[in-house]
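Data block below; observations after.
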Amino acid sequence: MKRRYLIGNLKMNLASVAETEQYLVALRKELFGKRIDGVEIVLAPSSVYLERFSRELPDPLRLAAQDVFWEKEGSFTGQVSAPMLRDLHVGSVIVGHGERRLYAHETDTEVGWKMKSALHENLQPILCVGETADERERGEEVSVVSDQVRLAFHDVSPMMAERVLVAYEPRWAIGTDIIPESEQIFEMRIVIHRALAELYGQPVADRVPVLYGGSVKATLLERVCFEPRMDGVLVGRESLYPHELFRMAHEIGNRDDGRREADGNEVGGE
Ligand code: PGA
């Protein structure tokens, strides 16, 4: 069965070293005696805790950063570069998260630079795309998300493109507990797939996993992941609860719905 992903974005949470320690202890406790199959779990803590996570994150969980800068080094106060992340054994990095686009006014072009700096350092980008409530209101979601995909992948080779995970995160669903309908998610999955197929052709597009993110909870997996045939989820607030995280991992990993065949026909057939 095709691999699925569970990305935990811890955002600016775990407010102290002590809290971070407690979280890591709770993770290990929850993981104890469990087999993690069929799902890759990746956690993205704040950059100040990356080193600690890198030392203490239990196997087989993997580590991601929440952001990266596009230059390798130099006079860029406050930024963290891809080689710095690599040196800490970080494997993936979120780029273009809705909260970065909102609070740091990140543009699609900058997101593209970040993608390339990550890829050149052998980090797996987790590219977030998604329209705002206003854009959806105006019926612009298809063009907004297609453009975000095109600009982020600009100048990215097909071989490198296959290493990217794309997360469809409607901005109006992040942190709001407003949940899109399964059909809306599936529709945007097709939009993302089509934009990738235009850039790279169908076989490459078929190999790029597309996840859903925005107010995900274990009880919503059917609606936001399985029904719209997504390759996993990006979880924000709920990833602060290790018990819930592993509950989701178990459900996702054990779900065998014959997606592989269906994927080729339904999504790839677009
Ligand atoms: P949320 O965050 O699950 O808290 O809505 C999602 C995200 O970080 O993208």
Side-chain angles (χ1 to χ4, degrees), residues 1-10 26-27 29-44 57-64 91-92 94 124 126-130 162-170 173-174 177-193 196 205-270:
M1 195 169 69
K2 194 170 159 188
R3 184 176 280 275
R4 277 190 168 125
Y5 297 84
L6 172 58
I7 315 292
N9 175 18
L10 298 166
L27 269 186
K29 233 164 95 182
E30 283 294 337
L31 187 61
F32 186 75
K34 289 197 176 84
R35 269 179 66 117
I36 303 292
D37 280 330
V39 59
E40 199 163 306
I41 309 176
V42 185
L43 287 184
L57 195 64
D59 261 0
L61 276 57
R62 294 202 300 108
L63 186 58
S92 309
I94 299 174
Q124 172 184 52
I126 302 163
L127 168 70
C128 298
V129 295
E162 288 185 20
R163 300 198 347 238
V164 179
L165 302 182
V166 179
Y168 170 58
E169 299 210 304
I174 300 175
D177 292 321
I178 300 172
I179 318 296
E181 298 297 332
S182 304
E183 302 80 65
Q184 292 176 308
I185 298 173
F186 184 63
E187 218 175 86
M188 296 311 285
R189 185 199 158 109
I190 291 173
V191 167
I192 291 165
H193 183 271
L196 288 170
D206 284 347
R207 287 196 282 274
V208 178
V210 183
L211 325 182
Y212 168 78
S215 297
V216 176
K217 285 186 169 60
T219 49
L220 294 168
L221 285 178
E222 189 63 46
R223 172 162 163 178
V224 302
C225 183
F226 305 134
E227 182 69 33
R229 299 185 175 284
M230 303 306 268
D231 301 301
V233 285
L234 194 158
V235 182
R237 291 156 296 161
E238 210 63 5
S239 61
L240 288 167
Y241 307 101
H243 178 76
E244 290 305 309
L245 198 71
F246 287 113
R247 186 176 155 199
M248 285 188 253
H250 182 78
E251 264 198 57
I252 294 173
N254 286 294
R255 178 77 172 213
D256 183 2
D257 49 10
R259 281 177 343 125
R260 198 163 42 176
E261 296 74 42
D263 250 6
N265 298 335
E266 204 157 337
V267 177
E270 270 305 297

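Bear in mind that the values here come from a model prediction, so they are computed numbers and not experimental data.
- Partners of Ser215 according to the side chain to side chain donor-acceptor pair (under 3.5 Å) rule, which considers only residues two or more places apart in sequence or in another chain, are Arg237.
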Report task. Apply side chain to side chain contact (heavy atoms under 4.5 Å, CB included) to Leu165 and Leu234, showing your working. Result -> CA-CA 10 Å; Leu165 302 182; Leu234 194 158; over 6 Å; no
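- Remark: Leu63 CG to Ile41 CD1 distance equals 13.5 Å, nearest 0.5 Å.
- Other residues, nucleotides and ligands contribute at most 12 non-hydrogen atoms within 6.0 Å of the NZ atom of Lys29.
- Looking at residues two or more places apart in sequence or on another chain, you find no salt bridge (Lys or Arg N to Asp or Glu O under 4.0 Å) involving Glu238.
- Asp231 CG to Glu40 CD: the interatomic distance, rounded to the nearest 0.5 Å, is 12.0 Å.
- Of all heavy-atom pairs between Tyr168 and Gly130, the closest is CE1-CA, 4.0 Å.
- Note on Glu222 versus Arg255: salt bridge recorded, some NZ/NE/NH1/NH2 to OD/OE distance being below 4.0 Å.
- Residues Leu31 and Leu61 form a side-chain contact, since some pair of their non-hydrogen atoms from C-beta on lies under 4.5 Å apart.
- Taking the side chain as every heavy atom from C-beta outward, Glu187 and Ile190 never approach each other to under 4.5 Å.
- Looking only at side-chain heavy atoms (C-beta outward), His193 and Asp206 come within less than 4.5 Å of each other.
- Contact record, Pro228 with Phe186: O-CD1, 3.2 Å, taken as the closest heavy-atom pair.
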Requested in this report: Report the C-alpha separation of Val216 and Leu221 in whole Å, then their side-chain angles, then the decisive distance to 0.1 Å, and conclude whether the side chain to side chain contact (heavy atoms under 4.5 Å, CB included) test is met.
Outcome: CA-CA 7 Å; Val216 176; Leu221 285 178; 4.1 Å; yes
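- Rounding to the nearest 0.5 Å places CZ of Arg247 at 13.5 Å from OH of Tyr241.
- Considering only residues two or more places apart in sequence or on other chains, Glu181 meets the side-chain contact (heavy atoms from CB on, under 4.5 Å) condition with Glu183, Gln184, Arg223.
- The closest side-chain heavy-atom distance from Asn9 to Ile126 is not below 4.5 Å.
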**Report entry** Step-by-step side chain to side chain contact (heavy atoms under 4.5 Å, CB included) determination, Ile192 to Val208
**Finding:** CA-CA 10 Å; Ile192 291 165; Val208 178; over 6 Å; no
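- Rounded to the nearest 0.5 angstrom, Arg189 CZ and Met230 CE are separated by 6.0 Å.
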Query raised in the report: Could you walk me through whether Asn254 and Asp37 pass the side chain to side chain contact (heavy atoms under 4.5 Å, CB included) check?
Result: CA-CA 7 Å; Asn254 286 294; Asp37 280 330; 5.7 Å; no
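- Nearest heavy atoms, Ala218 versus Glu244: CB-OE1, 3.9 Å.
- To the nearest 0.5 Å, atom CD1 of residue Ile36 and atom CG of residue Asp59 are 11.5 Å apart.
- Taken from SG in Cys128 to CD1 in Ile7, the straight-line distance is 9.0 Å, to the nearest 0.5 Å.
- Residues Pro209 and Val164 share a closest heavy-atom pair of CD-O, 3.5 Å.
- Scanning all heavy atoms of the two residues, the minimum distance from Arg4 to Ile252 falls at CD-CG2, 3.4 Å.
- Closest approach of Lys217 and Met248 over heavy atoms only: C-SD, 4.1 Å.
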